[in-house]
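Let me begin by presenting the structure, written as structure tokens, before commenting on it.
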Amino acid sequence: MAKCEVCGNDYGMTFEVRAQGAVHVFDCFSCAIHRMAPVCENCKVSIIGQGVEAEGMFYCGAHCAREQGKAGIVDHV
Ligand SMILES: [Zn+2]
Ligand SMILES: [Zn+2]
């Protein structure tokens, strides 16, 4: 059985996530989120959902992008 690459749990129901050509193995979504989710540059929250990207930085929302001085960014609707 595959092991979760975050916590090392050897679990029968692991699942794979393919991202950017690499395959990651996790036992649960919280581990997957821990490994995969980008972190908001402003408030350091894990971005689960669309978030916004500005100049190569990820933010949880337009509010945080604006806090960092990225003007003209709006949330995805
Ligand atoms: Zn895990
Ligand atoms: Zn944020």
Side-chain angles (χ1 to χ4, degrees):
M1 278 303 155
K3 278 186 184 172
C4 173
E5 69 178 54
V6 174
C7 67
N9 188 17
D10 195 350
Y11 179 52
M13 296 288 284
T14 50
F15 60 96
E16 294 181 351
V17 176
R18 285 162 208 273
Q20 296 168 354
V23 180
H24 301 278
V25 179
F26 305 107
D27 65 330
C28 61
F29 279 110
S30 63
C31 286
I33 289 164
H34 179 78
R35 177 72 175 80
M36 306 296 292
V39 175
C40 177
E41 292 286 337
N42 185 53
C43 68
K44 309 302 181 193
V45 75
S46 294
I47 300 167
I48 304 161
Q50 287 181 313
V52 295
E53 189 194 345
E55 298 165 18
M57 307 290 206
F58 283 98
Y59 301 97
C60 64
H63 166 80
C64 280
R66 281 195 297 270
E67 291 272 306
Q68 295 281 300
K70 310 292 185 197
I73 295 170
V74 293
D75 279 309
H76 295 290
V77 179

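Values in this document were obtained by computation on a predicted structure and should not be read as measured data. Count residues from 1 along the sequence.
- Tracing side-chain contacts under 4.5 Å through hydrophobic residues (I, L, V, M, F, W, Y), one reaches Phe15 starting from Val6; they form part of the same cluster.
- With rounding to the nearest 0.5 Å, the separation of SG in Cys40 from NE2 in His63 is 8.5 Å.
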Please set out all donor-acceptor pairs under 3.5 angstrom arising from side-chain atoms of residues 22-38, sequence neighbours excluded.
residue	atom	partner	partner atom	Å
His24	ND1	Glu5	OE1	3.4
His24	ND1	Glu5	OE2	3.0
Asp27	OD2	Asn9	ND2	2.8
Arg35	NE	Glu5	OE2	2.9

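- Between Val45 and Cys60, the shortest heavy-atom distance links the atoms CG1-CB, 3.6 Å.
- The CD atom of Glu41 lies 11.5 Å from the CD atom of Glu55; values are rounded to the nearest 0.5 Å.
- Across Asp10 and Ala2, no two heavy atoms sit closer than the pair OD1-O, 3.8 Å.
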